Asks: 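Pasting a structure below so you can have a look.
Remember, it's a predicted structure, so these values are computed and weren't measured experimentally.
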Amino acid sequence: MSVKGLNSIKDLLSSNTYPGRGIVIGQSADGKNAMIAYFIMGRSENSRNRIFERYEGGMRTKAFDESKLVDPSLIIYNPFLERGTVDIVTNGDQTDTIYDYITENGEDGFAFVKALHTREFEPDAPNFTPRISGILHYSFEGKAFHYQLSILKSADGNPEVCNRYFYSYAPMKGIGHFIHTYECDGNPIPSFYGEPEVVTLPNTAEELAELVWTNLNEDNKVSLFVRCVPLDGSEPTEVIINKNV
């Protein structure tokens, strides 16, 4: 079955020097796994001075060299949190907002949307970086899952207006959806525009990590996290790559 607007991750990344931070969610080509990829990039020394660090129940960004950390407010956060059969991945501290909302109110199918209506884009004028978020809901008994993506962004750079966009997906074999903070490099940097891009996915976490990492701009890439969750309930496979080692 053909999929309209299908893209190669390689082509999208290799042709864009600065997509910023990005989330990919979808289903492996063999249909056996749910897949997540999240990457960060940086142009400033402060943004580039980071690594991903996994811990029980989640993952944090951390300064690689603490002595060079200038302003942690928008660069130090939990990009990934697990809560039961729910995975949350975002480009900022809204990960905690979504997690806390579900913890306090339960997951009614709209918790992701409700939680993000309490947040808006980042206050980093003149870029007003969008907040991008994703959530996966698993049902291992039925070997199924569904996922949502979101972007909160200013109205063409107007800081007085926050537009919130939400997308819900049922999985398709070998298909993922890719959203990133920036359309391309620039000053100010233009926000991502349009719906999440439809991309092809491989079978394994290692393959997806290789595909993303090798095609991110060498100067600007910082860290990558890939998680592959078998729908039969067996142990997930994860890959973390940090440029700073």
Asks: Determine yes or no for a side-chain-to-main-chain donor-acceptor pair under 3.5 angstrom, with N78 supplying the side chain and F80 the backbone.
Replies: no

Asks: Could you tell me whether the side chain of N91 and the main chain of I132 form a donor-acceptor pair under 3.5 Å?
Replies: yes

Asks: Does R60 qualify as a cation-pi partner of F52, given the criterion of NZ or CZ under 6.0 Å from the six-membered ring centre and within 45 degrees of its axis?
Replies: no

Asks: Without swapping roles, check the side chain of K32 against the backbone of L231 for a donor-acceptor pair under 3.5 Å.
Replies: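 No, the answer is negative, given that no donor and acceptor are paired below the 3.5 Å cut-off.
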
Asks: Search all heavy atoms of D30 against all heavy atoms of N203 and return the closest pair with its distance.
Replies: N-OD1, 2.8 Å

Asks: Between N242 and S223, is there a side-chain donor-acceptor contact under 3.5 Å, judged purely by atom types and distance?
Replies: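 S223 vs N242: donor-acceptor pair found between side chains.
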
Asks: Short question: side chain of T61, backbone of Y77 - any donor-acceptor pair under 3.5 Å?
Replies: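 Confirmed, T61 side chain pairs with Y77 backbone.
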
Asks: Tell me if the centroids of the rings in F121 and F128 come within less than 6.0 Å of each other.
Replies: yes

Asks: Check the angle between the aromatic planes of F166 and F112 and answer parallel, tilted or perpendicular using the 30° and 60° thresholds.
Replies: perpendicular

Asks: Is it true that atom CZ of F110 has more than 12 heavy atoms of other residues, nucleotides or ligands lying nearer than 6.0 Å?
Replies: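 Open: at most 12 neighbouring heavy atoms sit under 6.0 Å from CZ of F110.
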
Asks: In terms of ring plane angle, is the pair Y169 and H177 parallel, tilted or perpendicular, where the classes change at 30° and 60°?
Replies: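 Geometry flag for H177 against Y169: parallel rings.
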
Asks: Shared ILVMFWY cluster between Y38 and I25, side chains joined below 4.5 angstrom?
Replies: yes

Asks: Please tell me whether T90 and T95 have a donor and an acceptor in their side chains that are separated by less than 3.5 angstrom.
Replies: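 Yes, T95 and T90 have a side-chain donor paired with an acceptor closer than 3.5 Å.
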
Asks: Before giving the answer on side-chain contact (heavy atoms from CB on, under 4.5 Å), spell out for L216 and V222 the whole-Å C-alpha distance, their side-chain angles and the decisive distance to 0.1 Å.
Replies: CA-CA 9 Å; L216 286 170; V222 175; over 6 Å; no

Asks: Could you tell me whether the side chain of V239 reaches within less than 4.5 Å of the side chain of F225, counting heavy atoms only?
Replies: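 No - every pair of side-chain heavy atoms lies 4.5 Å or more apart.
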
Asks: How about T204 and E207: does a side-chain donor come under 3.5 Å of a side-chain acceptor?
Replies: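 Present: a donor and an acceptor within the cut-off.
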
Asks: So, the side chain of T181 versus the backbone of P19: is there a donor-acceptor pair under 3.5 Å, distance only?
Replies: yes

Asks: Please set out all donor-acceptor pairs under 3.5 angstrom arising from side-chain atoms of residues 150-157, sequence neighbours excluded.
Replies:
{"residue": "S150", "atom": "OG", "partner": "Y165", "partner atom": "O", "Å": "3.1"}
{"residue": "K153", "atom": "NZ", "partner": "F192", "partner atom": "O", "Å": "2.6"}
{"residue": "S154", "atom": "OG", "partner": "G157", "partner atom": "N", "Å": "3.1"}

Asks: Is the side chain of N46 donor-acceptor paired with the backbone N or O of D71 at a distance under 3.5 Å, no angle test?
Replies: yes

Asks: If we ignore hydrogens and angles and just use 3.5 Å, is the side chain of S47 paired with the main-chain N or O of R43 as donor and acceptor?
Replies: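 Such a contact is absent between S47 side chain and R43 backbone.
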
Asks: Quick one: are the ring centres of F178 and H180 less than 6.0 Å apart?
Replies: yes

Asks: Should we count OH of Y167 as having more than 12 external heavy atoms under 6.0 Å?
Replies: yes

Asks: Indicate yes or no: does D65 engage R48 in a salt bridge with an N to O separation below 4.0 Å.
Replies: no

Asks: Within the distance-only criterion (no hydrogens, no angle test), does the side chain of Q148 pair as donor or acceptor with the backbone N or O of I135 below 3.5 angstrom?
Replies: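 Side chain of Q148 to backbone of I135, a donor-acceptor pair under 3.5 Å: no, none is there.
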
Asks: For the residue pair V212 and I9, establish whether any side-chain heavy-atom pair is separated by less than 4.5 Å.
Replies: yes

Asks: Tell me, yes or no, whether the heavy-atom count around E53 atom CD, taken from other residues, nucleotides or ligands under 6.0 Å, exceeds 12.
Replies: yes

Asks: Look at the aromatic rings of Y147 and F145 and report parallel, tilted or perpendicular, splitting at 30° and 60°.
Replies: parallel

Asks: Under a 4.0 Å threshold between the charged nitrogen and the carboxylate oxygen, would D87 count as salt-bridged to R227?
Replies: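 Answer for the salt bridge query: yes.
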
Asks: If you measure from the Lys or Arg side-chain nitrogens to the Asp or Glu carboxylate oxygens, is any gap between E82 and R54 under 4.0 Å?
Replies: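 Counted as a salt bridge, because a side-chain N and a carboxylate O are separated by less than 4.0 Å.
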
Asks: Thinking salt bridges, do K114 and E107 make one under a 4.0 Å N-O criterion?
Replies: no

